[in-house]
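One structure below.
Computation of the quantities below employed the complete heavy-atom set of this structure, encompassing side-chain atoms and omitting hydrogens, waters and symmetry-equivalent molecules.
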Amino acid sequence: MQVTETLSEGLKHAFTVVVPSAELEKKEEARLKEVGASANLPGFRPGKVPLSVIRQRFGASVKGEVLEQAVNDALRNLFEERNLRPAQQPKVDVVSGGDGKGDLELKVETEVLPEIKEPDLSDVSLVRLKATPDAATVDKALNDIAKRQRDFVVVEEDRPAAQGDALVVDFVGKRDGVPFEGGTAEDVSVEIGGEGFIPGFAEQLEGMKPGEEKIITVTFPEEYGAKELAGQVATFDIKAKELKKPVDVEVNDELAKKIGFENLDKIREVITKQVEDEYEQLSRLRLKRDLLDKLAEKTDFPAPESMVDAEFDQIWARVEADRKSGELDEEDQGKDEDTLKADYRKIAERRVKLGLLLAEIGRAKGITVTQDEMARAIRAEAMRYRGQEQAVFDFFMKNPQAAESLRGPIFENKVIDYITELAKVEDKDVTPEELADMPAANV
């Protein structure tokens, strides 16, 4: 194999690679013999088919197989011999020899990973914010539980529906005067001021009395599950049938038993633990943000442009989606597109550099993701889809590439943990509000 470097500019390289025809012919001959050894053709004993017949029968497919393997081998040898690590899939063009005639000449263009020296981590200082659940937080959680457990009783007096009431209705949803699929229901209990319905639906039922009818107009959210209704305007013919009011539930041992706990103290204990876990996750996220900011100062190497382009494209697609749905960050709303793109490209470059730095630290320290860790991650992901856990689990088992998407975050967190152990970490007690006051993220 002959290699000539035609470009070397920063991380970008280009080569001309020539694989001699004699080498290809030798590999083709060897492969034809392998095929002949197991070929079973009519009129010939197994393994005794003449090479000329094998060539006639399988020559074209073998030639293609040998050429494909030759390209793969050439790339592998090229990068191994020159100690280069491609940042993305190299671009390979066949200049000549693709038809199996003459030398195989390839033009290879690639961008490689930069040389990354392991940074000094001994000077990293971090502050870990810690918050403790207070009685008010636990009481609020208990009151929310009690609210969800309350019953509704029929209102006997003649009065309109008010906030907190539940109005039992029949409704027919229409678009342009025509009922649409899934838009009709009977005896539906709608809580005035509650959640669970299309925005603006329950609000327009306030003031109705049983026996009254009304037509309301609503706009489905852009992210509504049924695509044919997303962002669309519809009317609903409403018929009020019955009015109910809530009966408050006391926060006591009876409430605890109703939802499967021994007593009120036990449910307080469980809620406290849940809040502690939430605070711990927030604390870890804040610490990670702080650490990544410190590490960003140590990324004194260039980022491969192709990787930055790919990362920016993903970020920009989300920005465009947010802009379309009216959910663009407030600080971004007044910026023109060029400014926005410049800002997010800086973020993309930072992410790429930090990803490369963490990967290099993990590689140097032999940090890996175990099979048990992958299995736990898959189970955790499956548990997010209630009622479909087994289907999701089976999907990951049958699609290793999809499962690999879970490996990156596990690896990153293990590297973060390793660096945190080396860093000087100071614990600081803060209020839950201070802990939740998350600064804007760059990564």
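In Gln333, the CD atom is crowded: over 12 heavy atoms of neighbouring residues, nucleotides or ligands sit closer than 6.0 Å. Atom CG of Asp313 sits in a crowded spot, with more than 12 heavy atoms from other residues, nucleotides or ligands closer than 6.0 Å. The number of heavy-atom neighbours closer than 6.0 Å to NZ of Lys335, taken from other residues, nucleotides and ligands shown, is above 12.
Phe393 and Ala382 get closest at one heavy-atom pair: N-CB, 4.1 Å.
Of the residues listed (Glu421, Glu360, Glu118), the one engaging Lys365 in a salt bridge (charged side-chain N to carboxylate O under 4.0 Å, His left out) is Glu118, and it is the only one. Results of the side chain to side chain contact (heavy atoms under 4.5 Å, CB included) test with Ile238 over Leu205, Val172, Val190 single out Leu205 as the only residue that passes. For the side chain to side chain contact (heavy atoms under 4.5 Å, CB included) criterion with Val233, the lone passing option out of Thr217, Val218, Asp176 is Thr217. Test Leu287, Asp293, Leu295 against Leu291 for side chain to side chain contact (heavy atoms under 4.5 Å, CB included) and you get one pass: Leu295. A side-chain hydrogen bond (donor to acceptor under 3.5 Å, both in side chains) with Asp144 holds for exactly one of Lys140, Arg148, Lys147; it is Lys140.
Taking the charged nitrogens against the carboxylate oxygens, Glu29 and Arg55 do have a contact shorter than 4.0 Å, which makes a salt bridge. Using a cutoff of 4.0 Å between basic side-chain nitrogens and carboxylate oxygens, Glu28 and Lys63 are scored as salt-bridged. Using a cut-off of 4.0 Å between Lys/Arg side-chain N and Asp/Glu carboxylate O, Glu381 and Arg384 are scored as salt-bridged. Comment: Arg379 does not engage Glu389 in a salt bridge, judged by the lack of any side-chain N to carboxylate O separation of less than 4.0 angstrom. Remark: Lys341 does not engage Asp336 in a salt bridge, criterion side-chain N to carboxylate O under 4.0 Å. The pair Arg318-Asp322 fails the salt-bridge criterion, with no side-chain N (NZ, NE, NH1 or NH2) lying under 4.0 Å from an Asp/Glu carboxylate O.
Between the CD atom in Gln204 and the CD atom in Glu206 there is a gap of 11.0 Å [rounded to 0.5 Å].
With contacts defined as side-chain heavy-atom distances shorter than 4.5 Å, the pair Thr4/Phe15 does not qualify. Between Glu262 and Lys257, the closest side-chain pair of non-hydrogen atoms is not below 4.5 Å. Between Ile361 and Pro119, the closest side-chain pair of non-hydrogen atoms falls below 4.5 Å. Side-chain contact between Pro304 and Pro114 is present, with heavy atoms from C-beta onward closer than 4.5 Å.
Asp165 places a side-chain N or O within donor-acceptor distance of the main-chain N or O of Ala162, the cut-off being under 3.5 Å. Using a distance-only test at 3.5 Å, with no hydrogens or angles considered, no donor-acceptor pair links the side chain of Asp151 to the main chain of Val247. Between the side chain of Lys298 and the backbone N or O of Asp120, at least one donor-acceptor pair lies under 3.5 Å.
For an aromatic pair to be called close, the ring centres must be under 6.0 Å apart, and Phe201 with Phe236 satisfies this.
Applying the side chain to side chain contact (heavy atoms under 4.5 Å, CB included) rule to Ser96 yields the partners Glu105; only residues at least two apart in sequence or on another chain are considered.
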